[in-house]
Amino acid sequence: MLSYNVAALLRSVPGTSRTYPVAVESLSIADDLKLAAPLEGEVRLSRTGRSILAHGKLHTAVAESCSRCLTPVAAPISVEIDEEALPLLDIDTGQPLDTSGEPDALRLDEHHELDLAAAIRDAISLAEPIAPLCRPDCRGLCLVCGADQNDEPGHEHPDDEIDPRLAGLAALRDQLSQ
Ligand SMILES: [Zn+2]
Ligand SMILES: [Zn+2]
């Protein structure tokens, strides 16, 4: 799952590529970031003279809360990944290759497996929307009482009910809604 055995690809001529469909039911991303839909798309792996290039186009949705009314929403996201992975072992002899020149490079493992899960997790984390909305015109919560103004479109309070500490916010709200 999100890991590809590229032994055959390593034995093919540079320029050879293979495309794999991706359909993963769930993938844990981070403690505070969960997927709300399967991860789908495709990954293309290409042999270069020295490495395997991975290009992935994937889409899913992440579980968020509306930034105005706090309703849970599934925010769709699309991510692309581009990775270059170097072999760990010589594909013909099975001998370890010298990795000291590029210690930070992404490496295949000793079974010539390319694991893209970490790269995909990172890409999804970076694509997390900053201010997701349940719908473009969400009215948000009332600043005074916290009522969901989507449920009560005409909702308002006489001015004397407003807590003085919130008066500044109420004034700002009135400005913004003009
Ligand atoms: Zn909302
Ligand atoms: Zn209210």
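Since we're looking at a predicted model, the values are computed, not measured. Order of appearance sets the numbers: ligands from 1, and atoms from 1 within every ligand.
Less than 2.8 Å away from the Zn ion (ligand 2), the protein contributes these N/O/S atoms: C142 SG, C145 SG, H155 NE2, H157 NE2.
The closest side-chain heavy-atom distance from C69 to C138 is below 4.5 Å.
In terms of modelled atom types and a separation under 3.5 Å, the side chain of T71 and the main chain of C66 share no donor-acceptor contact. Looking only at distances, no side-chain donor or acceptor of S46 sits under 3.5 Å from a matching main-chain atom of S17.
Minimum heavy-atom separation, L27 to L35: O-CG, 3.8 Å.
Looking at D137 and R135, a side-chain N of the basic residue comes within less than 4.0 Å of a carboxylate O on the acidic one, giving a salt bridge. Ion pairing between E102 and R107 fails under the 4.0 Å rule for side-chain N and carboxylate O.
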